[in-house]
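Here, residue 1 is the first one in the sequence, and each next residue gets the next number. Basis for what follows: all heavy atoms, side chains included, without hydrogens, waters or symmetry-related copies.
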Amino acid sequence: MPEWIKISGGLTAITAGSRTNVWGVNSNGNIYRFSGNDAGDPSPWVPIPGSLSDIGAGADGTVWGVNSGGNIYRYAGDQNIQGSSRWVQIRGSLTRIAAGSRTNVWGVNSNGNIYKFSGNDAGDPSAWVPIPGSLSDIGAGADGTVWGVNSGGNIYRYAGDQNIQGSSRWVHIRGNLTRIAVGSRTNVWGVNSNGNIYKFSGNDAGDPSPWVQIPGEAVDIGAASDGTVWHVNSAGDIYRYAGDQPG
């Protein structure tokens, strides 16, 4: 079995919250949700009204997105609220967003500033808590794990939730990536500026190379807590990871 199975469609950004919660956007900003059927279905993507440039999906079904203007939206299309929009606009401005779960949503803005969702978007004039540091991309897992990369390709793991006296909120991890995706503490993936794909080995203590290169070429990648991984390449081709399946 090949490491990656090509799926019909064309996307520029992709996110995977779970095997059944995979979303993407294309170069026109159109939004799609994976139907769950890639066996013989000529069109396994369900179009969702709206326009986004980046999207994040969590293990619990949570979905957030940002558009080309930096506006932030939380998906409410799965809530039966009569007359409501599928997307609820949330105060703030971001260029990249990641959703590990309803309570673990992070983003970065055009200046590299980092923000964590406060959990309150009803009447809160500032729904985002600023986090020290500077990043260009960020990934958040269902278990609270957060990683990021900065404009120089440096990789960081968030440790601000650990009460370690004198430690930085961000621990520098060896390697160089431009995109990162986090499903959980043990399922972290990234791609570099050359399109090479890497999976975190799980060891960042003394390991001179904590990343395992995986065959393939990608510009964006999504990883879920259940081990699900998808990626898209520079041509917009979509792939689902099957390298962990026997055969």
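- Taking both residues in full, the closest heavy atoms of A99 and G56 are given as CB-O, 3.8 Å, listed atom of the first, atom of the second, then distance.
- Atom OG1 of T15 sits about 11.5 Å away from atom CG of L11, to the nearest 0.5 Å.
- Ring-centre distance between W128 and F117: below the 6.0 Å cut-off.
- Ring-plane geometry between F34 and W45 is classed as tilted, the angle between the planes lying from 30 to 60 degrees on a 0 to 90 degree scale.
- Side-chain contact check for N26 versus Y32: some heavy-atom pair is nearer than 4.5 Å.
- Counting all heavy atoms, side chain and backbone alike, S51 lies closest to N28 at OG-O, 4.3 Å.
- The closest side-chain heavy-atom distance from P210 to I173 is below 4.5 Å.
- Between W4 and Y241, the gap from one ring centroid to the other is short of 6.0 Å.
- The closest donor-acceptor contact from the side chain of S136 to the backbone of V149 lies under 3.5 Å.
- Taking CD of E217 as the start and CG of N233 as the end, the distance is 5.0 Å to the nearest 0.5 Å.
- We find the CD1-CD1 distance between I138 and I180 to be 9.5 Å, quoted to the nearest 0.5 Å.
- Under the 3.5 Å distance criterion, the side-chain polar atoms of W170 are left unmatched by any main-chain donor or acceptor of G160.
- Separation of atoms CG (N176) and CG (N154) is listed at 6.5 Å; rounding is to 0.5 Å.
- Each of Y198, W189, Y239 was evaluated against H231; a single residue qualifies, Y239, per the ring-ring contact (aromatic ring centres under 6.0 Å, His included) test.
- For the 3.5 Å distance criterion, the side chains of T228 and D226 qualify, holding a donor opposite an acceptor.
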Next on the checklist: Apply side chain to side chain contact (heavy atoms under 4.5 Å, CB included) to residues K199 and V188 and explain how you reach the verdict.
Outcome noted: CA-CA 6 Å; K199 181 178 181 179; V188 181; over 6 Å; no
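- Smallest separation of non-hydrogen atoms from N21 and G58: ND2-O, 2.8 Å.
- Residues V108 and D137 approach most closely at CG2-N, 4.3 Å, considering heavy atoms.
- Residue A159 comes nearest to V171 through the heavy atom pair CB-CG2, 3.8 Å, listed as atom of the first residue, atom of the second, then distance.
- If you take CZ on R179 and CD1 on I14, they are separated by 13.5 Å, rounding to the nearest 0.5 Å.
- Looking at heavy atoms from C-beta onward, T12 lies out of side-chain contact with V232 at the 4.5 angstrom threshold.
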Item to check | side chain to side chain contact (heavy atoms under 4.5 Å, CB included) between I221 and W230, worked out | outcome: CA-CA 6 Å; I221 197 159; W230 289 65; over 6 Å; no
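- Across all non-hydrogen atoms, the minimal contact from R174 to W211 is O-NE1, 2.7 Å.
- To the nearest 0.5 Å, atoms CG (N150) and CD1 (I114) are separated by 9.0 Å.
- Residues T62 and D60 have side chains that bring a donor and an acceptor to within less than 3.5 angstrom of each other.
- Proximity of V46 to S35: side-chain heavy atoms (C-beta onward) are separated by under 4.5 Å at one or more points.
- Contact check for S126 versus R91: no side-chain heavy atoms found under the 4.5 Å cut-off.
- Judged by distance alone, the side chain of W87 and the main-chain N or O of I72 form no donor-acceptor pair under 3.5 Å.
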